[in-house]
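Below: the structure, in structure tokens.
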Amino acid sequence: MIVWVNGTHGVGKTTTSRLVQERLPDARVLDAEKVGETLMDVSPSLPRTGNFQDWDPWRPLVVETARRVLDYAGGTLVMPMTVLVESYWREISDGFAGHGIPVRHFVLHTDPETLRHRILHDEVMGPSTFRLGYVDRYAEAARTWLHAEAAVVDTTTIGPAEAADRIATAVLAEAPAR
């Protein structure tokens, strides 16, 4: 199974995903961003797009990487990754479905004011114009398709541990009895 943790940049996907992994038996974290980083290292570089998700190889490589890891290690993959383009999400989720891999899709959400505050006062990464640049894109995706495609975990008033508890509880509640 894949537990996909979506949401905009700076909402806490990576931290929450690590905590979800600790709460689920036989779980591992696979950050799909690493697939993008691999593509960014191609030399000479791939055509400039501004976002590695726009490169056609990224989406099927994410699916194939996850499939291969699951085939090799089994268990559950917790995958933190922002995907705000609906057609990209469809390609990824359809790819998993084509391999018979169940996906639980969660979106970490917070209101735009809280999100901007968190980004501007991030003690680890510092303020990030990159992250701020996605606040409105996320709001549009949330309004038009994203929240309908996933279980929304509102993190406006809760921290990563409680968000991870909610996700793990939901996943375990649907797990087949062994």
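It should be emphasised that the depicted structure is a prediction, and the values quoted were computed from it without experimental measurement. Worth knowing before you read on, the calculation uses all heavy atoms, side chains too, and leaves out hydrogens, waters and symmetry mates.
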Closest non-hydrogen atoms of Leu108 and Ala163, given as atom of the first, atom of the second and distance, are CD2-CB, 4.3 Å
Would a 4.5 Å heavy-atom cut-off, applied to side chains only, mark Ile92 and Val63 as touching? yes
Short side-chain donor-acceptor distance under 3.5 Å, Asn51 and Tyr88: no
Salt bridge Glu86-Arg90, side-chain N to carboxylate O under 4.0 Å: yes
Is it true that a side-chain atom of Trp58 and a backbone atom of Ala32 form a donor plus acceptor pair closer than 3.5 Å? yes
Please report the closest heavy-atom contact between Leu30 and Ala66, naming both atoms and the distance. CD2-CA, 3.8 Å
Check ion pair Arg18-Asp31 (N to O, under 4.0 angstrom): no
If we ignore angles and hydrogens, is there a donor and acceptor under 3.5 Å between the side chains of Arg118 and Thr155? yes
Please give me the minimum heavy-atom distance between Val107 and Ala150, naming the atom from each residue. CG2-CB, 3.4 Å
Within the side chain of Trp4, is there an N or O that forms a donor-acceptor pair under 3.5 Å with the backbone of Met81? yes
For Val124, the rest of its hydrophobic cluster, which grows through side-chain links under 4.5 angstrom: Met125
Would you call Arg67 and Asp71 a salt bridge, taking side-chain N to carboxylate O under 4.0 Å as the test? yes
Strictly under 6.0 Å, is that where the ring centroids of Tyr138 and His9 end up? no
Pair Glu140 + Arg137: basic N to acidic O under 4.0 Å: no
Between the main-chain N or O of Gln53 and the side-chain N or O of Arg59, is there a donor-acceptor pair closer than 3.5 Å? yes
When you look at Thr8 and Thr82, which way does the side-chain hydrogen bond (donor to acceptor under 3.5 Å, both in side chains) test go after all the steps? CA-CA 6 Å; Thr8 194; Thr82 299; 5.5 Å; no
Counting only heavy atoms not in Tyr72, do more than 12 fall under 6.0 Å of its OH? no
Can you tell me how far CG of Leu61 sits from CG of Leu39, rounded to the nearest 0.5 angstrom? 6.0 Å
Least distance between heavy atoms, Pro160 atom then Thr15 atom: CB-CG2, 3.7 Å
